Amino acid sequence: MAGHVSAMVFLVSQKVSLFMFKHLLLCTHGTEGAQKAEAFVFKQLTADPNLKVSVLTILDEDWRMMTGDDWLNSSKTHTAFLDHVEAQVSEEIAEEWQRIRDTYPAAAQAVFLQRTGAIAETITRVAEKLHCDLIAIGPYQKSKGLFIHGEKGLRARIKNDTLHPLLPCPLLIAP
Amino acid sequence: MPRVKDHMPVLIMGGLLIIYGLIVKTGILLPMMKYLHTHKAMDLQMTLTLIVGGIVIVGALINSVKEPGNSILDRFFLQPLGGIVLILVMAMAIRWYLEPLVKIMSDSLQPLLGFNVYKVLNLNYVVLGILAGVLLTNTWGIPKFAEAGVKCARFVLKMGVIMLGARYSFAELAKLGVYSVWLVGFFVLGTVFLVLWLGNIFKQPKSMTGVLSAGMGVCGVSATVAVAPVVKAKSAEMAYTIGTILSFGIICMFVFPTIGHMAGMNPVQFGAWAGTGILNSAQVAAAALAFNAVDIKTLKVAEIFNITRVLFLPIIVLVLATWFGKESGQKLSFKSVVIDKFPIFILGFLLLFGMSSVGMFSPPSHYKGQYIDVSYNDRTQVTSEEWETLKKAMAAGEFSALNPEQLAAVENLIEQRQIAGNYAERNDGKVFDRVGRARMAELEGVLAAAKAKELTLSSDVKSGIKHAIKQVHKKSKTIVTLTDFMIWFFAFGLIGLGMQITKKAITQAGGWPIVMGVIAGITKAALSFFVVLWLVKDVVLN
Amino acid sequence: MSDNKGKKVIIETGEAGKGTSELSESANTEELEERALSVFSSERNEDITALVFCLITTFLVLLFTKWMV
């Protein structure tokens with residue numbers, strides 16, 4: 001079934017990318033699901049030389065809420081913490097980008113972007129700003145819950161009900 | 001009025017407050033208040049709602065007409081107004097309606113469930129307030145108009161801590177300080193090393209054990225936030241550590257008071273245990289108020305522990321920086337860690353403590369706002385039912401196990417119907433007072449012996465004696481009012497802090513931090529429980 | 001959220017990135033800018049204001065419960 005769907009999407013993408021789509025926004029933060037989207041975009045869609053790909057990685061603004069109910073620290077300490085988060089996450093994002101470039105030769109042409117904000121809002125805002133005509137994301141992944149080998153960064157999931165009403169262009173979910 | 005729409009919710013809340021105040025004024029609500037046992041606060045409800053409602057409406061109207069600016073008035077009054085009134089309304093609703101309702105409901109559900117929900121979960125207004133805050137953030141989210149005001153929570157909580165300073169005496173501060181420095185010192189360092197050791201065993205990266213050890217050892221998220229940049233923690237490590245600590249802390253907030261009640265801890269023991277075992281300092285205050293929200297003994301103890309932990313935090317940051325230092329190369333000087341980060345509000349706490357110590361809030365003869373008045377007074381008598389009970393118990397020989405001094409005190413109580421000196425000596429104030437106080441002390445001894453099960457008294461007799469003692473304890477109005485303010489500050493601050501706890505942050509718990517965190521957290525809680533029970537004796541708090 | 005600037009800067013991504021990446025200048029600085037937990041510009045201000053408020057409260061309480069009665 002999955003193969004069937006993927007083949008269908010492939011056909012569609014082959015067809016539409018030739019005639020319709022010019023600029024694709026690939027949203028990834030290196031998780032398993034997102035890596036599927038990376039593979040799909042860079043292996044299958046970039047066959048079309050006219051397709052421009054922008055890779056977007058979002059620094060979740062909810063990091064700001066991670067300080068929880070801490071009230072003892074000075075705002076200085078808070079700023080130092082958030083600065084560190086920002087620097088650290090940016091570094092991790094840069095590593096992800098490097099991994100993408102190393103894995104897919106086609107990624108060399110892509111533009112890499114990092115933004116901070118709420119996930120769904122940022123995706124759609126960037127897509128609008130860059131005049132993207134297709135957004136690609138990975139499939140929904142079940143959270144690994146309390147497993148010891150946790151995921152990277154925040155356990156955030158893209159919520160369909162927040163993302164869909166905001167979409168400025170079609171959304172492609174890589175299988 | 002160009003922006004009246006943006007400020008509609010605030011205007012509505014202000015209007016509702018005024019309407020409520022006026023309704024209270026008519027007295028229609030009195031029967032309901034009597035049912036809820038809140039009728040004593042009727043005057044307060046009326047004054048508070050009318051004043052707050054008036055200020056809110058004026059502020060919201062100014063906001064609707066005036067361009068938003070950056071003046072002091074804007075930053076400190078107009079912008080945070082919405083959030084402040086939201087929290088206040090929540091606090092009022094909880095204090096005056098929700099808590100009494102929960103109490104009544106859990107009383108009536110008790111035969112059905114076999115236990116009292118209110119008592120087991122300690123659902124007093126503090127806990128309910130935090131829960132309401134957490135619920136609001138995670139369901140509707142903090143409304144836009146309230147965002148700026150909710151940020152005031154921590155400021156108001158600081159005010160609460162400063163005001164609390166007025167409630168200590170030198171002796172208490174010294175005694176509690178010694179306890180807290182030893183306990184906190186031992187357990188902070190112990191947990192830090194335990195986590196570092198666990199990290200070594202499980203072969204976890206230093207950066208992760210660094211943040212986790214600080215978080216588990218000193219003061220939860222606050223310490224994690226302070227230490228993360230120093231040990232260069234990875235994003236996943238920070239996320240999992242913070243999630244683990246937040247979830248663990250919230251569970252502690254409910255479990256600790258219940259265990260404390262079951263183990264029969266006294267306020268000092270519980271305060272010491274919560275102050276050592278609970279990770280986040282806001283949750284320490286919450287647990288202390290959850291254990292006992294009526295009098296603030298527990299809070300007083302817990303807050304001293306909290307302050308000690310705050311003072312320990314920079315030391316731990318320095319230690320971890322040195323431990324990690326070889327790799328990070330980040331230089332931290334004593335000045336940048338200890339002096340720059342010294343919390344000034346603790347000086348405020350000491351200032352209020354000093355003011356109270358020189359007797360500003362009560363005449364010198366009053367001890368910490370409470371004084372003992374053993375003079376003859378109709379109002380200090382026990383009720384006639386209690387009097388009868390005591391007489392009957394005496395006739396039935398229930399007091400036969402008492403020692404002669406205690407027996408004499410009880411006999412005199414029955415004779416005079418109140419605790420007082422000898423009638424014959426009434427003109428010699430000093431002697432009269434001394435005799436009266438001695439009698440009171442004996443009666444307190446009777447109650448203590450009954451509590452320790454050295455002798456058995458019926459509960460009616462015990463409550464009669466308790467009432468007699470309470471009747472001669474007078475409180476200074478100044479201290480009572482100051483304490484009321486302080487409690488409201490704490491309630492406000494804790495509700496606001498509850499709003500900062502998001503589901504996302506809590507469910508972030510996981511990974512190795514949860515394994516090591518749970519081991520370390522439970523070890524610390526259990527060990528400190530026994531150490532506290534073993535070492536901490538009741539300090540006489542006033 | 002000032003994405004409209006759209007200015008690009010090249011940042012060093014350190015040893016991890018092994019190179020440079022294109023980033024919008026306003027990418028991650030402004031959004032986390034609103035950081036201070038409270039309405040105060042500095043910690044010292046917050047603590048001192050808290051103390052002053054407390055002293056005012058204390059004064060008013062003393063005035064109405066002790067000095068005027």
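Sequence lines set the chain letters: A, B, ... in the order given, protein chains first and strands last, and positions in each chain run from 1. Values in this document were obtained by computation on a predicted structure and should not be read as measured data.
- The two residues C:T49 and B:F155 come nearest to each other via the heavy atoms C-CE1, 3.8 Å.
- Here the closest heavy-atom approach between residue C:C54 and residue B:M163 is recorded as SG-CG, 3.7 Å.
- When B:V156, B:I162, B:I346 are compared by the number of non-hydrogen pairs under 4.5 Å with chain C, B:I162 comes out ahead.
- Looking at B:M486, there are no atoms closer than 4.5 Å to chain C (heavy atoms on both sides), in backbone or side chain.
- Contact record, B:T478 with C:V61: O-CG1, 3.7 Å, taken as the closest heavy-atom pair.
- Note: B:F485 CZ to C:L60 CG = 7.5 Å, rounded to the nearest 0.5 Å.
- Neither the backbone nor the side chain of B:L347 comes within contact range of chain C; no heavy atom of the residue lies under 4.5 Å from a heavy atom of that chain.
- With a 4.5 angstrom heavy-atom cutoff, B:L352 touches chain C only via side-chain atoms.
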